[in-house]
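Taking it in order: structure first as structure tokens, then the write-up.
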Amino acid sequence: MYELPKTLVQDIDNLGLLTDKFRKGEIGATEFKVGRVPMGIYEQRKDGTYMVRIRTTGGVITPHQLSGIIDIAKKHGSGLLHITTRQEIQIQNIKIDDTGSILNDLKKIGLSSKGGGGNTVRNIIVAEDSGISEKEVFDPTPHSMALTTKLIAEPDSFTLPRKLKIAFSGNEDNTDYAAINDIGFIAQIQDGARGFKIYVGGSVASKPTIGWVLADFIPEGDIYAAAEAVKRLFSDYGNRKNKHKARIRHIFYRLGAEEVHRLFDKYFAEAKLSTPEYIHFENGIKHSYKFGRALPV
């Protein structure tokens with residue numbers, strides 16, 4: 001499972017303060033929306049009714065957590081849970097005054113809604129047959145968990161030009177699955193080493209787009225550096241004025257694939273050098289690296 005960010009308690013407290021200001025009329029609906037949506041809280045069609053979108057990386061959830069979500073929903077008067085196309089669970093038909101309590105209850109069972117909406121790193125998805133498919137090169141689910149843990153702990157993952165969607169596939173048969181996300185990782189083995197092919201800039205919007213291949217193979221230990229490189233590139237070159245042209249694919253349209261490749265290589269090299277700590281995998285075993293030195297976890 002992914003690890004909750006250390007800032008989560010403060011994030012929930014800040015949302016509570018923002019909610020109080022909204023209820024008292026001290027801030028308007030727009031300002032309130034800017035604060036609540038990145039925490040995965042959306043208003044539904046019925047006025048005064050909200051839902052909480054829970055991050056469940058790769059659709060993975062323990063029986064204890066699922067039972068806990070049901071109890072939380074019942075506690076706050078919700079009779080409807082919805083499983084989304086990005087493998088998340090939404091608690092629907094709740095009151096805004098209950099959201100703070102819901103987020104705290106989710107934290108107790110190791111879950112969070114942070115990054116459930118807005119211009120953020122969204123829930124990372126994994127092919128639904130991962131871990132059981134006879135065709136997969138290897139199961140990328142642990143990689144998705146480690147990447148989630150790292151990215152949701154970083155403030156700049158929540159101030160992007162637009163949403164950033166990431167997906168993992170266990171083999172080339174699911175190329176389209178990863179290739180239609182902003183970042184897609186496809187499991188590969190090269191010279192006996194595990195790693196990933198990387199697609200960037202895919203989309204299933206009104207003009208569906210297959211992403212561009214930025215790397216045919218990177219070692220599995222470099223997935224965080226690769227994701228961080230794309231995130232920084234997106235932050236620096238994404239369109240912050242027109243949300244309809246803000247997704248990563250528009251950077252390719254504007255600058256051209258060759259220039260985006262050059263920029264990615266630059267950011268990738270910087271990320272590998274400047275990141276004080278990142279997740280590394282060796283033959284499926286998770287390691288934490290700091291300044292290039294392996295540390296036990």
Side-chain angles (χ1 to χ4, degrees), residues 37-38 40 42 53 55-59 82-88 90 115-130 140 143-144 147-148 151-152 156-188 196-216 218 223-224 226-265 267-268:
V37 169
Y42 277 85
R53 183 180 293 154
R55 181 183 288 273
T56 50
T57 301
H82 173 71
I83 298 175
T84 76
T85 56
R86 289 202 68 80
Q87 304 173 337
E88 300 156 297
Q90 296 174 353
N119 302 328
T120 69
V121 174
R122 298 293 189 90
N123 194 53
I124 298 178
I125 60 178
V126 183
E128 69 279 359
D129 61 353
S130 294
H143 302 74
S144 71
L147 189 57
T148 293
L151 291 178
I152 65 174
D156 63 353
S157 292
F158 302 90
T159 57
L160 297 170
R162 200 76 168 86
K163 54 193 171 185
L164 179 64
K165 295 183 175 181
I166 302 174
F168 283 83
S169 292
N171 60 63
E172 290 283 0
D173 287 350
N174 280 325
T175 297
D176 59 335
Y177 189 89
I180 58 175
N181 277 261
D182 294 299
I183 307 176
F185 292 96
I186 300 178
Q188 309 280 322
F196 293 89
K197 176 188 288 187
I198 303 177
Y199 280 84
V200 174
S203 172
V204 291
S206 57
K207 295 182 179 180
T209 303
I210 297 296
W212 289 258
V213 177
L214 281 195
D216 288 315
I218 63 162
I223 60 168
Y224 167 69
E228 182 69 8
V230 175
K231 187 179 72 173
R232 293 178 186 178
L233 191 159
F234 184 32
S235 181
D236 289 348
Y237 289 89
N239 191 327
R240 293 182 180 273
K241 295 181 179 180
N242 183 350
K243 71 176 184 178
H244 299 295
K245 294 185 178 182
R247 300 293 290 276
I248 289 180
R249 67 183 186 277
H250 290 282
I251 302 176
F252 282 89
Y253 299 154
R254 189 173 73 250
L255 300 181
E258 183 177 348
E259 176 63 8
V260 176
H261 274 76
R262 187 191 70 79
L263 289 170
F264 170 75
D265 290 343
Y267 283 102
F268 186 41

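Between the CD1 atom in Ile248 and the OG1 atom in Thr209 there is a gap of 12.0 Å [rounded to 0.5 Å]. Annotation: the span from His261 atom NE2 to Asp265 atom CG amounts to 7.5 Å, rounded to 0.5 Å. Note: Arg53 CZ to Thr56 OG1 = 11.0 Å, rounded to the nearest 0.5 Å. Distance check, rounded to the nearest 0.5 Å: NZ of Lys231 to CG of Asp156 gives 3.5 Å. For the atom pair Lys165 NZ and Ile183 CD1, the distance stands at 13.0 Å (nearest 0.5 Å).
Here the closest heavy-atom approach between residue Tyr42 and residue Gly118 is recorded as OH-N, 3.4 Å. The minimum heavy-atom distance linking Ser157 with Leu160 is given by the pair O-CD1, 3.9 Å. Here the closest non-hydrogen pair linking Arg162 and Arg247 is CG-CD, 3.4 Å. Residues Ile124 and Gln87 come closest through the heavy atom pair O-OE1, 4.4 Å.
In this view, Ala167 and Ile125, Tyr177, Asn181 satisfy the side chain to side chain contact (heavy atoms under 4.5 Å, CB included) rule, not counting sequence neighbours.
Put simply, the side chain of Ile198 does not reach to within 4.5 Å of the side chain of Ile223, judged on heavy atoms. Using a 4.5 Å cut-off on side-chain heavy atoms (C-beta onward), Asn123 and Thr57 make contact. Within the 4.5 Å cutoff, side-chain heavy atoms of Ile152 are placed close to those of Phe158. Put simply, the side chain of Tyr199 reaches to within 4.5 Å of the side chain of Val213, judged on heavy atoms. Looking at heavy atoms from C-beta onward, Val260 lies out of side-chain contact with Arg249 at the 4.5 angstrom threshold. At least one side-chain heavy atom of Val126 sits less than 4.5 Å from a side-chain heavy atom of Pro140. Residues Leu151 and Glu228 form a side-chain contact, since some pair of their non-hydrogen atoms from C-beta on lies under 4.5 Å apart. Residues Ile180 and Ile210 have side chains in contact (heavy-atom distance under 4.5 Å, counting atoms from C-beta outward).
Between Arg122 and Glu88 no salt bridge is recorded (no basic side-chain N to carboxylate O distance below 4.0 Å). The pair Glu258-Arg262 does not count as a salt bridge, with every side-chain nitrogen at least 4.0 angstrom from each carboxylate oxygen.
Residue Leu255 places its CG atom among more than 12 non-hydrogen atoms of other residues, nucleotides or ligands, all under 6.0 Å distant.
Remark: side-chain polar atoms of Asn239 are not paired, donor with acceptor, to backbone N or O of Ala246 under 3.5 angstrom. Using modelled atom types, no side-chain atom of Gln188 and backbone atom of Asp216 make a donor-acceptor pair closer than 3.5 Å. Counting only distance, with no hydrogens or angles, the side chain of Thr148 and the backbone of Ser144 share a donor-acceptor pair below 3.5 Å.
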Please lay out, stage by stage, how Asp236 and Tyr267 fare under the test side chain to side chain contact (heavy atoms under 4.5 Å, CB included). CA-CA 11 Å; Asp236 289 348; Tyr267 283 102; 2.5 Å; yes
Go through Thr120 and Val37 one step at a time and tell me if the side chain to side chain contact (heavy atoms under 4.5 Å, CB included) criterion holds. CA-CA 10 Å; Thr120 69; Val37 169; over 6 Å; no
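Aromatic ring pairs are classed by plane angle as parallel below 30°, tilted from 30° to 60° and perpendicular above 60°; the pair Phe168 and His143 is tilted. Using cut-offs of 30° and 60° on the angle between ring planes, the pair Trp212 and Phe252 is parallel.
A side-chain N or O of Ser235 and one of Arg240 form a donor-acceptor pair less than 3.5 Å apart.
Note on residues 227-250: pairs passing ring pair (Phe, Tyr, Trp, His ring centres under 6.0 Å), not counting sequence neighbours, are His250-Tyr253.
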